[in-house]
K.L.:
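This structure is in structure tokens; I'll ask about it shortly.
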Amino acid sequence: MICARCDKPIRDDEEYITEPMLGGSAGGSDIHLHTPLCERPPEVEHPRTYPTGLGR
């Protein structure tokens with residue numbers, strides 16, 4: 001299993017919780033999280049995918 005918060009594996013000896021992730025168009029799925037909650041990885045700034053400075 002992979003932790004949905006830190007994106008690292010959850011080992012067999014680690015505790016975790018399972019939370020439902022409801023979807024708008026489908027039944028959803030379950031996500032797994034380390035217990036206690038792990039640290040979130042730092043946010044990565046994504047490059048812009050649209051042109052800027054067009055005066056709009």
K.L.:
What pairs meet the side-chain hydrogen bond (donor to acceptor under 3.5 Å, both in side chains) rule with one or both residues in residues 9-22, with sequence neighbours excluded?
P.N.:
Arg11-Glu14, Glu14-His34, Thr18-His32
K.L.:
To the nearest 0.5 Å, tell me how far Thr35 OG1 sits from Ile10 CD1.
P.N.:
8.0 Å
K.L.:
Show every donor-acceptor pair shorter than 3.5 Å between a side-chain atom in residues 2-9 and any protein atom, with sequence neighbours excluded, or say none if there are none.
P.N.:
from : atom 1 : to    : atom 2 : distance (Å)
Arg5 : NE     : Cys38 : O      : 2.6

